[in-house]
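Structure, as structure tokens:
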There are 2 protein chains.
Amino acid sequence: MTNLEKECVKAGLKMTGQRKIILNVLSQSEDHPSVEEIYERSKEIDSSISMATVYRTIGLLHELDLVIRHDFKESFARYELNHKDHYHLIDMETGKVIEFESEEIERLKEKIAEELGYEVVDYRLELYGKRKS
Amino acid sequence: MTNLEKECVKAGLKMTGQRKIILNVLSQSEDHPSVEEIYERSKEIDSSISMATVYRTIGLLHELDLVIRHDFKESFARYELNHKDHYHLIDMETGKVIEFESEEIERLKEKIAEELGYEVVDYRLELYGKRKS
DNA sequence: ATACATGCAAATAATTTGCTCTCAG
DNA sequence: CTGAGAGCAAATTATTTGCATGTAT
């Protein structure tokens with residue numbers, strides 16, 4: 001049983017075949033798949049899996065804070081496993097998503113929230129850019 | 001004719017009654033209204049205005065870069081007139097949106113994009129927080 | 001005059017949900 | 001065994017679009 005699976009069980013979820021597959025797909029994914037994509041990748045392993053199950057599972061994982069949801073200015077959402085703090089730069093020409101980290105932003109967001117009398121519960125930082133010629 | 005109206009005309013849009021109303025509603029709004037809300041506020045001025053028109057108008061204004069679109073982790077979008085660079089902190093308990101500015105973030109985002117070989121075309125920075133007790 | 005806008009209603013697209021059956025614990 | 005979970009299809013929600021009619025320029 002993987003770590004991720006253990007976390008789910010600990011949270012009270014039953015470890016069904018479908019959930020194992022979806023968790024596995026997410027673990028294998030280096031990108032930020034949409035529900036549709038997660039569904040497609042999961043179907044390659046078990047073709048009987050349904051969209052509804054993918055939606056419900058992703059929803060649960062999101063509640064458990066195991067996956068993060070992104071809205072990259074598209075009509076649908078993208079997901080990824082919640083690993084360390086990082087940010088995204090979206091190439092507006094190719095749609096490619098580049099991840100980056102930044103200690104400075106980390107500090108800055110805490111500082112700003114602090115000044116406003118708030119504690120950061122969640123955040124979102126995305127840059128949309130064009131490759132320099 | 002307001003400045004905003006002039007900008008629209010300059011871009012080739014016809015200045016219809018509906019558009020004037022919507023522009024006016026946006027100018028008056030201190031918050032970040034959804035299309036539904038813009039529609040409600042507009043209807044108080046001219047009850048015959050339709051959702052389709054609001055959607056289309058907002059879409060055009062967005063293309064002209066006169067309004068910015070926000071996805072504050074809700075199921076719908078919110079809009080506001082595009083004034084100077086600023087960011088948002090969303091109070092997770094009340095949903096209230098607090099605007100703030102930050103020279104540092106301004107510089108930082110340029111620097112980061114630069115390092116990745118990109119030019120910033122657009123960006124998004126939101127903090128989601130809980131009020132400190 | 002005429003191309004662009006509007007209102008209405010129907011169409012889309014993403015996501016959610018009701019219901020019945022299945023299976024993990 | 002029993003309640004949580006799955007699949008299917010229908011429902012919902014936000015947004016978009018086709019079309020006949022209206023209007024700013």
Side-chain angles (χ1 to χ4, degrees), chain A residues 1-2 4-25 32-40 42-64 66-79, chain B residues 1-2 4-25 32-40 42-64 66-79:
Chain A
M1 189 141 93
T2 71
L4 216 43
E5 287 176 11
K6 279 189 207 118
E7 292 219 55
C8 291
V9 170
K10 191 164 50 161
L13 301 193
K14 289 190 176 173
M15 200 34 60
T16 65
Q18 292 89 331
R19 286 180 179 168
K20 280 185 198 155
I21 290 172
I22 292 167
L23 286 172
N24 191 48
V25 163
H32 306 75
S34 61
V35 169
E36 185 73 40
E37 287 166 335
I38 297 167
Y39 170 61
E40 293 302 337
S42 299
K43 267 209 306 199
E44 283 177 26
I45 303 167
D46 172 0
S47 67
S48 76
I49 207 164
S50 77
M51 273 290 269
T53 296
V54 179
Y55 268 107
R56 281 193 266 235
T57 302
I58 293 290
L60 289 168
L61 297 174
H62 184 243
E63 275 178 36
L64 295 179
L66 295 176
V67 310
I68 31 185
R69 175 194 168 102
H70 295 292
D71 276 299
F72 291 151
K73 307 202 179 198
E74 293 169 306
S75 59
F76 50 86
R78 297 185 169 277
Y79 297 86
Chain B
M1 190 138 95
T2 70
L4 217 42
E5 287 176 11
K6 278 187 208 122
E7 291 219 54
C8 290
V9 170
K10 192 164 49 158
L13 301 194
K14 289 188 176 172
M15 198 36 58
T16 64
Q18 292 89 329
R19 286 179 180 169
K20 279 184 199 157
I21 291 172
I22 293 168
L23 286 172
N24 191 48
V25 164
H32 305 75
S34 61
V35 170
E36 185 74 41
E37 288 166 335
I38 297 168
Y39 171 61
E40 294 303 336
S42 300
K43 266 208 308 199
E44 284 177 25
I45 303 168
D46 172 0
S47 67
S48 75
I49 206 164
S50 78
M51 274 289 269
T53 296
V54 179
Y55 268 107
R56 281 192 269 233
T57 302
I58 293 289
L60 288 168
L61 296 175
H62 184 241
E63 274 179 37
L64 295 180
L66 295 176
V67 310
I68 31 185
R69 175 195 168 103
H70 295 291
D71 276 299
F72 291 151
K73 307 203 178 197
E74 293 168 306
S75 59
F76 51 85
R78 295 185 170 279
Y79 297 86

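Lettering follows sequence order; numbering is per chain, from 1.
- For the pair Leu61(B) CG and dA5(C) C1', the computed distance is 14 Å after rounding to whole Å.
- Here CD of Glu5(B) is found 14.0 Å from NZ of Lys10(B). Values are rounded to the nearest 0.5 Å.
- For the pair Lys73(B) NZ and dA14(C) P, the computed distance is 21 Å after rounding to whole Å.
- Checked against dT6(C), dA14(D), dT15(C), the side chain of Phe76(B) finds its nearest nucleotide in dA14(D).
- Counting only heavy atoms from C-beta outward, the side chains of Phe72(B) and His32(B) approach each other to under 4.5 Å.
- Comparing Gly17(B) and Val54(A) by the nucleotide of DNA chain D that holds the closest heavy atom to each, the one mapping nearer the 5' end is Val54(A).
- Rounding to the nearest 0.5 angstrom, the gap separating the CG atom in Leu64(A) from the CD atom in Glu7(A) is 8.5 Å.
- In this structure a side-chain-to-backbone donor-acceptor pair under 3.5 Å is missing from Arg19(A) to Thr57(A).
- Rounded to whole Å, the distance from CG on Leu13(A) to C1' on dG5(D) is 10 Å.
- When the nucleotides dT15(D), dT17(D), dG3(D) are ranked by their closest atom to the side chain of Ala52(B), dT17(D) comes out on top.
- Contacts of Arg56(B) with the nucleic acid, taken as non-hydrogen atoms under 4.0 Å apart, include base atoms.
- In this structure, CE of Met1(B) is placed 12 Å from C1' of dA24(D), rounded to the nearest angstrom.
- Of the side-chain N and O atoms in Gln18(B), none sit less than 4.0 angstrom from OP1 or OP2 of dT23(D).
- In the set dA14(D), dT6(C), dG7(D), dG7(D) carries the atom at the smallest distance from any side-chain atom of Ser48(A).
- One interatomic measurement links the two molecules: CD of Glu37(B) to C1' of dT13(D), which rounds to 16 Å at whole-angstrom precision.
- Distances from the side chain of Lys14(B) to the nucleotides dG7(C), dG5(D), dA3(C) place dA3(C) closest.
- For Met15(B) and Leu60(A), each mapped to the nucleotide of DNA chain D holding its nearest heavy atom, the one lying further toward the 5' end belongs to Leu60(A).
- If you measure from atom CD1 of Ile58(A) to atom C1' of dT16(C), you get 15 Å, rounded to the nearest angstrom.
- The NZ-C1' distance, from Lys10(B) to dA24(D), rounds to 20 Å in whole Å.
- With dG25(C), dG7(D), dA6(D) as the choices, the nucleotide that has an atom nearest any side-chain atom of Thr16(A) turns out to be dA6(D).
- Regarding Arg19(A), its CZ atom lies at a distance of 18 Å from the P atom of dT22(C), rounded to whole Å.
- Of the candidates dT6(C), dG5(D), dA14(D), dA14(D) carries the atom nearest the Tyr55(B) side chain, counting heavy atoms from C-beta on.
- When each of Met51(A) and Ser50(B) is assigned the nucleotide of DNA chain C with its nearest heavy atom, Ser50(B) is the one assigned upstream, toward the 5' end.
- Annotation: side chain of Leu4(A) is not in contact with side chain of Leu61(A) (no heavy-atom distance under 4.5 Å).
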